[in-house]
Amino acid sequence: MRDNTVHVRRGKKHPSRMEMIVLAALAALMVSGGTLLLLAALLGQDITDWNHRVAITAGLSLAGVVWGWLIRANR
């Protein structure tokens, strides 16, 4: 059975906790934005007609869920 540990070469340092949090946040924002645009394309929506406040809220909510999942997975 394989473990999911990260092996670092000699002289290289492990990423700090803050770096992991920031990288997970950036990845979550990209994933949520891509998911919203993919759903809009698949459903044939015109994003210029969207309510901007609702679209931003949905995107940030999805990013929060993905961010939490990434943080939990990288513990």
Side-chain angles (χ1 to χ4, degrees):
M1 180 193 273
R2 299 178 67 185
D3 60 351
N4 291 328
T5 58
V6 176
H7 298 285
V8 180
R9 291 184 187 159
R10 195 176 312 160
K12 302 264 184 176
K13 64 174 189 146
H14 288 281
S16 70
R17 183 77 178 143
M18 184 59 78
E19 288 174 345
M20 291 299 291
I21 290 172
V22 171
L23 287 174
L26 290 174
L29 285 171
M30 290 189 292
V31 166
S32 67
T35 302
L36 285 178
L37 291 175
L38 176 68
L39 286 174
L42 290 175
L43 296 174
Q45 297 286 316
D46 184 13
I47 61 172
T48 59
D49 293 337
W50 283 4
N51 183 349
H52 298 294
R53 190 172 293 165
V54 173
I56 290 171
T57 302
L60 290 177
S61 298
L62 182 59
V65 170
V66 172
W67 188 29
W69 179 74
L70 287 173
I71 292 295
R72 178 115 168 108
N74 285 317
R75 280 187 4 169

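The first residue in the sequence is number 1, and the count goes up from there. Not measured: the values here are computed from a predicted model.
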Please tabulate, for the side chains in residues 27-37, all donor-acceptor contacts under 3.5 angstrom to protein atoms that are two or more places apart in sequence or on a different chain.
from	atom 1	to	atom 2	distance (Å)
S32	OG	A28	O	3.2
S32	OG	L29	O	3.1
S32	OG	G59	O	3.4
T35	OG1	V31	O	2.7

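- Within 6.0 Å of CG in L60 there are more than 12 heavy atoms belonging to other residues, nucleotides or ligands.
- For the side-chain hydrogen bond (donor to acceptor under 3.5 Å, both in side chains) condition, the pairs that include at least one residue of residues 46-73, sequence neighbours left out, are D46-T48.
- Atoms CG and CG, from L26 and L70 in turn, are 11.0 Å apart once rounded to the nearest 0.5 Å.
- Under a 4.5 Å side-chain heavy-atom criterion applied to ILVMFWY residues, the cluster that includes M20 comprises that residue alone.
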